[in-house]
Number of protein chains: 2
Amino acid sequence: MSVDAFAVLAEPSRRRILERLRRAESSVGDLADALGMSQPTVSKHLRVLREAGFVTVRTAAQQRIYRLDVRPLRAVDDWLGPYRRLWADHLDALERHLESQE
Amino acid sequence: MSVDAFAVLAEPSRRRILERLRRAESSVGDLADALGMSQPTVSKHLRVLREAGFVTVRTAAQQRIYRLDVRPLRAVDDWLGPYRRLWADHLDALERHLESQE
DNA sequence: CGCTCATATGCCTGTCAAGTAATACACGCT
DNA sequence: AGCGTGTATTACTTGACAGGCATATGAGCG
């Protein structure tokens with residue numbers, strides 16, 4: 001968990017990996033194939049994701065199966081909380097306005 | 001809106017600026033003072049934030065007053081949507097499990 | 001034990017972004 | 001018009017990081 005979650009998500013390739021792992025766990029080679037990236041590149045991104053807690057690994061024969069862990073994403077979601085209140089409030093204000101128009 | 005929202009948020013200084021603007025709109029100098037950053041640094045970050053739509057500016061005399069705009073944050077929130085479903089589902093599963101235990 | 005497949009790691013290079021210092025620009029005031 | 005304040009912009013230096021290639025590690029199998 002050494003690296004900041006936002007910094008991890010800043011890299012588009014890593015978001016693509018997460019999107020894929022959201023559907024199903026996957027081996028490194030499958031990810032590289034599916035995303036059109038080289039195997040070393042995928043491995044490096046997976047290392048970053050793993051160290052930040054976004055994924056966990058399991059060894060199956062000679063493959064490493066990576067699986068999504070949602071906890072860092074929940075942290076991002078929590079960070080968004082106070083801001084979400086802002087637009088929720090604005091929506092409330094809009095609703096009140098619309099009601100007063102009727 | 002040229003730059004990716006996640007890349008913008010990856011910079012801790014910019015998140016601090018957003019946190020401050022969440023409480024109240026502010027001039028460049030006030031931000032620099034409050035956050036202990038140099039004025040050019042703040043201006044530079046504000047430019048990035050502005051080009052990505054996170055803030056809007058208004059000119060008041062010789063000051064530029066910056067104000068938060070939540071739309072890019074809503075985009076991030078939307079991106080999180082499918083993942084939020086994941087842990088919501090897991091919670092549901094947990095609840096069902098607990099119910100079956102009673 | 002050597003071979004092979006799957007993955008990880010090291011090294012190199014190019015790129016890009018952050019911070020600083022100096023400077024330019026815009027506005028208001030006298 | 002000239003001056004001072006507030007802000008933007010520039011040039012420069014430095015550091016981090018991504019991608020490519022080559023190579024190391026490790027597990028399974030003959």
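A, B, ... follow the sequence lines: proteins, then strands. Residue 1 opens every chain.
When the C1' atom of C/dA8 is taken as reference, atom CD of A/Q62 falls 15 Å away, rounded to whole Å. The distance from atom CG of B/L31 to atom C1' of D/dA8 is 15 Å, rounded to the nearest whole Å. C/dA8 atom P lies 12 Å from atom CD of A/E51, rounded to whole Å. The CD-P distance, from A/Q63 to D/dG28, rounds to 11 Å in whole Å. The CG atom of A/L46 sits 12 Å away from the P atom of D/dG19 (whole-angstrom rounding). Atom-to-atom, CG of B/D33 to P of D/dT5 comes out at 15 Å; the value is rounded to the nearest Å. The nearest whole Å value for the distance from the CG atom in A/D4 to the P atom in D/dC17 is 11 Å. Counting to the nearest Å, the C1' atom of D/dA18 and the CG atom of A/L49 are 14 Å from each other.
Of the two residues near DNA chain D, B/Q39 and A/A60, the one whose nearest nucleotide lies more 5' is B/Q39.
Distance check: B/W87 CH2 to B/L80 CG gives 5.5 Å after rounding to the nearest 0.5 Å. Note that CZ of B/F54 is 5.0 Å distant from CG of B/L73, once rounded to the nearest 0.5 Å.
In this model, the phosphate group of D/dG6 is not approached by any side-chain N or O of B/Y66 to a distance below 4.0 Å at OP1 or OP2. The shortest distance between the side-chain N/O atoms of B/R47 and the OP1/OP2 oxygens of D/dT9 is below 4.0 Å.
Within 4.0 Å (heavy atoms only), A/T59 reaches no atom of the nucleic acid at all.
Side chain of B/R14 to main chain of B/V8: a donor-acceptor pair is present (N/O by atom type, distance under 3.5 Å, no hydrogens or angles).
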Under-3.5 Å N/O pairs linking protein and nucleotides 17-20 of chain C:
{"unit_1": "C/dA18", "atom_1": "OP1", "unit_2": "B/E11", "atom_2": "OE1", "d": "3.4"}
{"unit_1": "C/dA18", "atom_1": "OP1", "unit_2": "B/R14", "atom_2": "NH1", "d": "2.9"}
{"unit_1": "C/dA18", "atom_1": "OP1", "unit_2": "B/R14", "atom_2": "NH2", "d": "2.7"}
{"unit_1": "C/dG19", "atom_1": "OP2", "unit_2": "B/H45", "atom_2": "NE2", "d": "2.7"}
{"unit_1": "C/dG19", "atom_1": "N7", "unit_2": "B/K44", "atom_2": "NZ", "d": "2.7"}
{"unit_1": "C/dG19", "atom_1": "O6", "unit_2": "B/K44", "atom_2": "NZ", "d": "3.0"}

Quiz item: What do the steps show when you test B/R71 against B/D78 for salt bridge (charged side-chain N to carboxylate O under 4.0 Å, His left out), and what is the final call?
Solution: CA-CA 10 Å; B/R71 278 174 296 185; B/D78 290 346; over 6 Å; no

Quiz item: Passes salt bridge (charged side-chain N to carboxylate O under 4.0 Å, His left out), A/E11 versus A/R15? Steps please.
Solution: CA-CA 7 Å; A/E11 204 51 49; A/R15 291 205 299 275; over 6 Å; no

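If one axis is set at each end of the helix from C/dC1-D/dG30 to C/dT30-D/dA1 from five pairs, those axes are 10° apart, to 10°.
Within a 6.0 Å radius of CZ in A/R20, no more than 12 heavy atoms belonging to other residues, nucleotides or ligands are found.
Of the candidate nucleotides C/dA6, C/dT9, C/dA8, C/dA8 has the atom lying nearest to any side-chain atom of A/R64.
In summary, B/E19 and B/R22 engage in a salt bridge, as defined by a charged side-chain N under 4.0 Å from a carboxylate O. Between A/R84 and A/D77, at least one side-chain N (NZ, or NE/NH1/NH2) sits under 4.0 Å from a carboxylate O, which counts as a salt bridge.
Smallest separation of non-hydrogen atoms from B/A10 and A/A10: CB-CB, 3.7 Å.
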